[in-house]
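Please read the structure below before turning to the comments.
Each residue takes its place number in the sequence, starting with 1.
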Amino acid sequence: MIMSRIEAPRSEDPAATGDLVDLLLGGLPAEAVLTDPDVTASYANDMASFCPAGSPAVVVLPRTTEQVQHVMRTATALRVPVVPQGARTGLSGAANASDGCIVLSLTKMDRILEINPVDRIAVVEPGVLNAALSRAVGEHGLSYPPDPSSWEMCTIGGNIGTASGGLCCVKYGVTAEYVLGLDVVLADGRLMSTGRRTAKGVAGYDLTRLFVGSEGSLGIVVRAVLGLRPKPPEQLVLAAEFASAAAACDAVCRIMEGGHVPSLLELMDRTTVKAVNDMAQMGLPESTEALLLAAFDTTAPAADLAAVGALCEAAGATQVVPADDVAESELLLQARRLSLTALEAVKGVTMIDDVCVPRSRLAEMLEGVDRIAEKYQLTIGVVAHAGDGNTHPTVCFDPADPGESRRARESFDEIMALGLELGGTITGEHGVGLLKKEWLAREIGPVGMEMQRAVKQAFDPLNILNPGKLF
């Protein structure tokens with residue numbers, strides 16, 4: 001079995017589910033409290049493979065901060081675990097339910113409360129979709145840069161909880177760099193505000209950053225103040241084909257060493273290119289061992305593409321194709337956007353790793369993944385945010401085949417070990433959740449784990465907030 005159960009910590013004298021529901025209904029409308037087992041089961045897990053999930057006692061969908069406070073006060077009184085959720089597009093099991101828990105789905109808190117072009121901030125609730133925010137601020141000539149691949153479906157609260165990244169991180173950075181302030185409901189129901197609305201501010205410890213990436217284990221984000229940027233010009237894209245992954249990685253190093261600042265720098269290995277060709281008949285040459293996509297959203301993108309194209313040729317590119325306009329750029333990006341769907345079609349199920357290494361070690365990472373794929377007789381394609389060294393080795397396997405499932409999990413672990421050996425980290429943007437708990441301990445060490453547990457204890461002494469995640 002890929003999915004097994006996760007048990008929640010229980011009170012010595014737990015209230016019956018009926019009592020829990022009655023107490024929740026004391027501060028929530030009936031339509032916000034879901035108890036039908038068939039319905040609550042649909043909230044049991046996110047999109048990660050190999051992560052245990054339990055059966056929630058109840059799912060609640062609050063619309064106000066006061067309702068979230070009521071849920072947390074009830075949970076504290078009854079010692080019932082609470083698992084916060086957004087759109088459940090995560091890939092680490094961080095949103096997976098535990099037996100008997102309250103699933104706190106924040107998708108109904110979906111209002112954009114303010115867009116301020118002068119201060120360049122937006123104030124939003126956690127259930128706002130990333131794409132909805134991007135479109136709304138775009139009407140004011142602004143942009144919210146973090147753009148996870150699931151941006152049409154994922155929520156801002158989920159992005160904050162997992163410290164999401166995206167395709168444009170190489171130039172614009174990740175979610176943490178845009179979260180200026182938060183309103184957070186603590187485990188006992190108290191409301192705390194962190195951070196600021198100003199361009200600068202260094203008062204006290206940076207508790208805002210502490211909550212970003214905490215996976216709902218320290219508090220429930222109910223409002224966020226987000227930094228915005230001026231909307232950039234439309235980007236132009238270049239595609240470069242290489243006869244080896246090493247040559248493509250050499251091109252990445254040359255581009256970054258040369259001081260170029262692309263808005264996108266993505267790499268697809270031969271396995272991914274073949275999968276995209278097989279699914280969409282994109283017509284990419286069968287000899288392509290790696291495809292590098294670079295984009296610029298500068299005032300003179302054609303000149304930037306020409307400079308980068310020359311560096312790709314110097315690194316051994318067999319073909320360099322710069323786009324002439326935005327429409328052609330979109331065509332070139334289509335292969336990258338189809339990558340994960342195409343890899344999923346190989347076997348029906350994928351396990352997406354998220355290992356970030358120094359750019360200078362990127363070639364070693366791809367070569368190592370090739371060896372691991374051969375060792376375990378598996379199809380493993382690599383898509384990488386090459387500009388920041390964030391690789392997504394994607395293991396394709398048949399979940400109905402126990403031997404293949406076992407090899408998939410073993411290969412996944414070996415890939416993470418490789419990433420650490422190369423001076424990298426076990427996750428660049430997907431988070432730890434359930435999937436990488438043991439690897440977090442290996443990366444940060446016993447002293448680091450001790451301090452992280454101390455932080456958790458300070459914010460959540462009863463361990464009711466997303467228990468069992470991270471560590």
Residue pair T74, L20: steps toward the side chain to side chain contact (heavy atoms under 4.5 Å, CB included) verdict: CA-CA 8 Å; T74 301; L20 169 62; 4.0 Å; yes
Using a strict cut-off of less than 4.0 Å between a Lys/Arg side-chain nitrogen and an Asp/Glu carboxylate oxygen, indicate whether [X] and [Y] qualify as a salt bridge.
{"X": "R336", "Y": "E266", "value": "yes"}
{"X": "K436", "Y": "D353", "value": "yes"}
{"X": "E31", "Y": "K108", "value": "no"}
{"X": "R337", "Y": "E330", "value": "yes"}

Spell out, as yes or no, whether a donor-acceptor pair under 3.5 Å connects the side chain of [X] to the backbone of [Y].
{"X": "R88", "Y": "N45", "result": "yes"}
{"X": "K171", "Y": "F296", "result": "no"}
{"X": "S329", "Y": "V237", "result": "yes"}
{"X": "Y178", "Y": "Y172", "result": "yes"}
{"X": "E429", "Y": "G166", "result": "yes"}
{"X": "D269", "Y": "A245", "result": "no"}
{"X": "S263", "Y": "A295", "result": "yes"}
{"X": "Q85", "Y": "V103", "result": "no"}
{"X": "S164", "Y": "P148", "result": "no"}
{"X": "H70", "Y": "G27", "result": "yes"}

Option from V68, T155, V221 for which side chain to side chain contact (heavy atoms under 4.5 Å, CB included) with L106 holds: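 The single option meeting the side chain to side chain contact (heavy atoms under 4.5 Å, CB included) with L106 is V68.
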Check whether more than 12 heavy atoms from other residues, nucleotides or ligands sit under 6.0 Å from atom [atom1] of [X], and answer yes or no.
{"X": "M192", "atom1": "CE", "value": "yes"}
{"X": "R190", "atom1": "CZ", "value": "no"}
{"X": "R196", "atom1": "CZ", "value": "yes"}
{"X": "Q334", "atom1": "CD", "value": "yes"}
{"X": "E152", "atom1": "CD", "value": "yes"}
{"X": "M279", "atom1": "CE", "value": "yes"}
{"X": "K231", "atom1": "NZ", "value": "no"}

Test ring pair (Phe, Tyr, Trp, His ring centres under 6.0 Å) applied to H385 - qualifying residues, sequence neighbours left out: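 Ring pair (Phe, Tyr, Trp, His ring centres under 6.0 Å) list for H385, sorted by chain: H392.
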Qualifying residues under ring pair (Phe, Tyr, Trp, His ring centres under 6.0 Å), relative to F211, sequence neighbours excluded: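 Residues passing ring pair (Phe, Tyr, Trp, His ring centres under 6.0 Å) with F211: F459.
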To the nearest 0.5 Å, what is the distance between [atom1] on [X] and [atom2] on [Y]?
{"X": "S92", "Y": "I352", "atom1": "OG", "atom2": "CD1", "value": "12.0 Å"}
{"X": "R209", "Y": "E177", "atom1": "CZ", "atom2": "CD", "value": "6.0 Å"}
{"X": "E344", "Y": "T341", "atom1": "CD", "atom2": "OG1", "value": "6.5 Å"}
{"X": "C51", "Y": "L434", "atom1": "SG", "atom2": "CG", "value": "5.0 Å"}
{"X": "L343", "Y": "T394", "atom1": "CG", "atom2": "OG1", "value": "5.5 Å"}
{"X": "S49", "Y": "L435", "atom1": "OG", "atom2": "CG", "value": "8.5 Å"}

L218/D460 under side chain to side chain contact (heavy atoms under 4.5 Å, CB included): CA gap, chis, key distance, verdict: CA-CA 6 Å; L218 301 179; D460 182 21; 5.7 Å; no
Derivation of the salt bridge (Lys or Arg N to Asp or Glu O under 4.0 Å) call for R442 and E438: CA-CA 7 Å; R442 297 191 198 189; E438 66 177 275; 3.1 Å; yes
Side-chain donor-acceptor pair present, S217, N466, cut-off under 3.5 Å: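 There is no such pair (donor and acceptor under 3.5 Å, judged by atom type) between the side chains of S217 and N466.
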Exercise: do E443 and T425 side chains pair donor with acceptor under 3.5 Å: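 A pair is found: one side chain offers a donor N or O, the other an acceptor, under 3.5 Å apart.
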Evaluation steps, side chain to side chain contact (heavy atoms under 4.5 Å, CB included), between T391 and V369: CA-CA 10 Å; T391 69; V369 171; over 6 Å; no
Is any side-chain heavy atom of [Y] closer than 4.5 Å to one of [X]?
{"X": "Y43", "Y": "L34", "value": "yes"}
{"X": "V185", "Y": "T65", "value": "yes"}
{"X": "V357", "Y": "E364", "value": "no"}
{"X": "L182", "Y": "I160", "value": "yes"}
{"X": "V455", "Y": "Q452", "value": "no"}

Please list, one pair per line, the donor and acceptor atoms closer than 3.5 Å that link side chains of residues 124-132 to other protein atoms, with sequence neighbours excluded.
| from | atom 1 | to | atom 2 | distance (Å) |
| --- | --- | --- | --- | --- |
| E125 | OE1 | D110 | N | 3.2 |
| E125 | OE1 | R111 | N | 3.0 |
| E125 | OE1 | R111 | NE | 3.3 |
| E125 | OE2 | R111 | NE | 3.2 |
| E125 | OE2 | R111 | NH2 | 2.8 |
| N130 | ND2 | P146 | O | 3.1 |
| N130 | ND2 | N159 | OD1 | 3.0 |

